[in-house]
Amino acid sequence: MVKRYLSVITLAEALTLVENSFQAVPGVVRIPVTTGAVGRITAEPIFARFSVPAIHISAMDGIAVRSADTVGASEQNPVTLPDAARVNTGNIVPPEYDAVVMIEDVWVDGETYTVRKPVSAWQHIRPVGEDIGESEMILPSHHQIRPQDVGALATYGVTDLAVLNVRVGLVPTGSELVPAGVVPPPGKVVESNTLMAAAVLEGAGAEAHRYPIVPDDYDLIRDAVRRGVAENDILLVSAGSSAGTRDYTADIIRDLGEVLAHGVAIKPGKPVIIGRIDEKPVIGLPGYPLAAATVLREIVLPLVARYGLPTREPERVAARLTTSLQSDIGTDEFVLLSTGRIGDRWVAAPQSRGAGVQMSAVRANGYMQIPAQKEGAEAGETVAVRLSVPRAEAEEAVLITGSHDPALDHLADLVRPRGVDIHSTHLGSMGGVIALKKEECHAAPMHLLAPDGTYNTYYLERYMPGADLVLLCVAKRQQGVISRDELGFDDLPGRTFINRQRGSGTRILLDHCLAKCGIDPASIPGYGREATTHLAVALAVRTGEADAGMGVYSAAKALGLAFVPVATERYELVMHRAMLDDPRIAALVETVSSEAFKQVLRDLGGYETDETGVLRELQG
C-alpha cells in the first residue's frame with residue numbers, strides 16, 4: 001500500500017514550526033586553541049592570562065635614555081648624555097630609563113652619545129600591557145573564531161577554550177547505497193547526501209557525525225534512529241522520507257516520538273519530514289541530492305542557527321533571466337543558476353531542475369526563489385539571485401551558451417588559474433546565436449553548416465545582421481557516427497538512434513547527410529530522442545540504449561566506441577567585438593591560442609589545430 005504525506009505545509013509554516021518546537025540549547029566543550037578552533041563559537045568570554053608586553057620594551061633600534069637628560073638639546077646646542085644604554089627593537093628597557101632615541105638621531109662617539117633634540121617621556125617605548133593587559137578580555141562569548149583570533153589567543157596565554165557544541169547525527173538509509181570509493185553496480189548509487197550534509201553543518205560550526213549505511217529494514221533503521229537521537233542534539237535521516245512502500249522514516253519517527261510535519265511545499269525537497277523524539281529535532285531528508293541540499297539550506301541551517309551557530313545571508317545581485325521558468329502556485333521553488341556579469345549588468349542562466357542532477361549544483365554559482373504565489377518567471381525578467389560563491393568569484397564567470405564540445409571542459413580548466421570561471425550551457429548552436437543576439441552570454445560556440453558548405457557566417461549574417469562580431473576558431477573537428485559495431489549512414493535505417501537537440505549544429509549536419517544519402521529520418525527508430533551533449537550520445541550507445549548516434553570523435557574515443565567519420569567542421573566561439581576588451585575574454589582568447597590547449601586537443605583526438613586560435617571578423 002502506497003503511503004501518503006501526513007501533511008504539506010508552507011515553507012514559512014515549516015520555519016515557524018522549527019522555531020517553536022525545540023528548545024535548541026547547545027552543548028559546551030573545551031577544545032585546544034591549536035586544533036580545530038577556527039570557525040567555532042565561543043561559549044564564554046576569554047581573558048588574557050598575562051600582559052603583552054610583560055615589561056617595558058624598546059619599539060626602535062636606538063639608545064635608552066632619561067628624558068630629563070635631553071632637555072634643551074638642539075642643533076645649536078647638542079647634548080652629550082651622561083648615561084644611556086644601547087637597545088634594539090624588542091629589548092627590555094632598563095627601569096632607570098624612560099625613553100628611547102632612534103639610532104638615526106644619535107651621534108655616537110665611542111662610548112658617548114650626543115642628541116640634537118629633546119625627547120618626551122615614554123617615546124619609542126612599548127609599555128607593559130600596551131597590546132593587552134592581564135585579565136583583559138580578548139574575545140566575547142558567541143564570537144566565531146577567525147584565524148587571526150587563534151594567533152592572538154596563543155600569544156596571550158590561552159591554550160584551550162570553551163566553545164558551543166551542537167552534535168548532528170547523520171543516518172544514511174537505503175539498500176541501494178554503497179559507500180564512497182566503491183564503484184556502484186547497476187541499480188546501486190554512492191551514498192553522498194550525508195557527506196554533503198556534514199560539510200554544510202561543519203561549515204556552520206556544528207559537529208557532524210556520520211553513521212554507517214542502514215539498509216531498508218524497519219527494525220535496523222529504528223535502532224539507528226534511537227542511537228542517533230541518544231548521541232546527538234539533532235538527527236538527520238537521509239532518504240526514506242517520501243511515500244514509497246519502503247520509505248520508513250516517518251513511521252519510525254512516529255513510533256519513537258511524533259511527526260510534526262511530513263511534506264513542505266518547496267521544490268525540490270517536498271518530502272521532508274520534521275519530527276521530534278525525546279524533545280530533539282529529527283529531520284527526514286529526501287534522497288535526491290538537490291532536494292536534500294535545498295532542505296539543508298532552507299530548513300536545517302535555520303534550525304542550527306537557533307543553537308547559536310551563525311548562518312550568513314548570501315550576497316544578492318539583480319540579474320536578467322535568460323529562460324522562462326514555469327512553477328506551481330503554492331510551492332516555493334528554488335532554481336540553480338549560472339550567473340555572470342556582461343557589461344554593466346548581471347545575467348542568470350538556469351541549470352537543470354532535476355532533483356537528482358548533482359552536477360547542476362556543481363555548475364551553479366547562485367540560485368533564485370520563485371515564491372509560492374507566482375506561476376514562474378519570464379525570460380528577460382529581472383530576478384533576485386542569491387550567490388553561492390563570493391561576489392568577486394561570480395564576477396569572474398564567463399557564460400558560454402551554445403554547442404557542446406568536450407574541449408570546452410579542458411579549456412575551462414586551463415583558463416581557471418587566470419581568474420576566469422567558465423559556465424557552459426548546452427543549448428545547441430542556434431540556441432547560442434539567440435543568446436548572443438540578446439546579449440545573454442559572453443560567447444556562443446557554434447558549428448552551423450550552411451547550404452554553400454561554409455560554417456557559421458551564413459547564419460550569423462541572417463540572424464544577427466549588422467552585428468560587429470568576431471569568430472575564434474577552437475578547432476576543426478571530426479563528426480561521425482558513433483556505434484559499438486562501426487555502423488555507417490547506410491546502416492542507420494531500422495537501427496535505434498540517439499539524436500542531438502533541434503537547432504544544434506550536429507542535428508543540422510545529420511539532416512544534411514541523411515538528405516544527401518536519400519535516407520528518410522522516419523526510417524530511423526529514436527530519431528526524435530534528443531541528448532544535449534556528445535558524451536550523452538556516446539553513453540546511450542555504450543549502454544545499449546541506442547545502436548548509434550552522431551557525435552565528435554573525442555566522445556567516441558573517451559568511451560571506447562567505434563567511430564565512422566562523416567565531416568570535418570569548423571567549431572568556433574562567436575563574440576561581440578567589444579568583448580575583446582574584457583580581461584576575462586582576452587585571457588580566454590590567449591588560452592585558446594596556447595600550445596597547451598592545442599596539445600589537449602591532439603590528446604583528445606579528432607581535432608585539427610592548424611587554425612586553432614585564429615580570429616576572423618564579421619562586420620555589419
Side-chain angles (χ1 to χ4, degrees), residues 184-188 352 354 356-357 359 402-408 426-432 445-456 458-459 475-571 604-608:
K188 302 283 187 178
S352 169
V357 185
M359 281 304 296
S403 171
H404 168 260
D405 189 278
L408 290 181
H426 312 313
L427 298 182
S429 293
M430 281 307 304
M446 60 185 298
H447 57 106
L448 291 172
L449 176 64
D452 62 2
T454 61
Y455 278 91
N456 301 329
Y458 169 86
Y459 292 91
K476 290 184 285 186
R477 66 180 192 179
Q478 291 183 22
Q479 285 258 43
V481 179
I482 298 174
S483 69
R484 299 182 302 277
D485 306 310
E486 296 193 13
L487 302 179
F489 266 93
D490 292 340
D491 304 309
L492 294 183
R495 300 277 192 161
T496 56
F497 196 77
I498 176 72
N499 211 341
R500 292 295 305 283
Q501 73 267 43
R502 282 182 284 273
S504 69
T506 301
R507 179 72 164 263
I508 292 172
L509 176 62
L510 171 67
D511 291 343
H512 171 81
C513 293
L514 291 177
K516 187 176 180 180
C517 296
I519 298 174
D520 183 359
S523 68
I524 305 175
Y527 175 86
R529 183 188 172 193
E530 299 180 350
T532 59
T533 68
H534 293 279
L535 195 58
V537 169
L539 283 168
V541 171
R542 192 175 76 170
T543 58
E545 296 175 33
D547 294 324
M550 188 84 158
V552 295
Y553 172 77
S554 59
K557 178 185 175 185
L559 297 185
L561 296 170
F563 180 84
V564 176
V566 170
T568 299
E569 58 186 11
R570 192 179 186 90
Y571 184 74
L604 288 172
Y607 299 96
E608 297 176 14

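Starting from 1, each residue takes its place in the sequence as its number.
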Looking only at non-hydrogen atoms, find the nearest pair between [X] and [Y] and report the distance.
X	Y	value
P451	Y458	CD-CE2, 3.8 Å
V552	I482	O-CD1, 3.8 Å
A556	A562	CB-O, 4.2 Å
L604	A407	CD1-CA, 4.2 Å
Q479	F563	C-CZ, 3.5 Å
V541	G549	CG2-N, 3.9 Å

Report yes or no: does [X] contribute a side-chain atom to a donor-acceptor pair with the main-chain N or O of [Y] at less than 3.5 Å?
X	Y	answer
R507	N499	no
D511	I508	no
R500	T532	yes
R570	K476	no

Please check if atom CD in E608 has more than 12 non-hydrogen atoms from other residues, nucleotides or ligands closer than 6.0 Å.
->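 Enclosed: over 12 neighbouring heavy atoms sit under 6.0 Å from CD of E608.
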Could you give the distance from [atom1] ([X]) to [atom2] ([Y]), rounded to the nearest 0.5 Å?
X	Y	atom1	atom2	answer
F497	L492	CZ	CG	5.5 Å
E530	I498	CD	CD1	8.5 Å
D547	D485	CG	CG	7.5 Å
L449	T506	CG	OG1	11.0 Å
L509	E569	CG	CD	6.0 Å
R529	I524	CZ	CD1	15.0 Å

[Y] side chain reached by [X] side chain, heavy atoms, under 4.5 Å:
X	Y	result
P406	L535	no
V564	L487	no
Y553	T568	no
P445	L408	yes

Just do the side chain to side chain contact (heavy atoms under 4.5 Å, CB included) check on R484 and L561 with the steps written out, would you?
-> CA-CA 5 Å; R484 299 182 302 277; L561 296 170; 3.9 Å; yes
Under the side chain to side chain donor-acceptor pair (under 3.5 Å) criterion, do T454 and D452 qualify, and how do the steps go?
-> CA-CA 6 Å; T454 61; D452 62 2; 2.7 Å; yes
Ring pair (Phe, Tyr, Trp, His ring centres under 6.0 Å) pairs, two or more places apart, involving residues 505-547 |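 Only H404-H534 qualify under ring pair (Phe, Tyr, Trp, His ring centres under 6.0 Å).
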Between H447 and Y571, how do the two ring planes meet: parallel, tilted or perpendicular, split at 30° and 60°?
->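 Tilted, since the angle between the ring planes falls between 30° and 60°.
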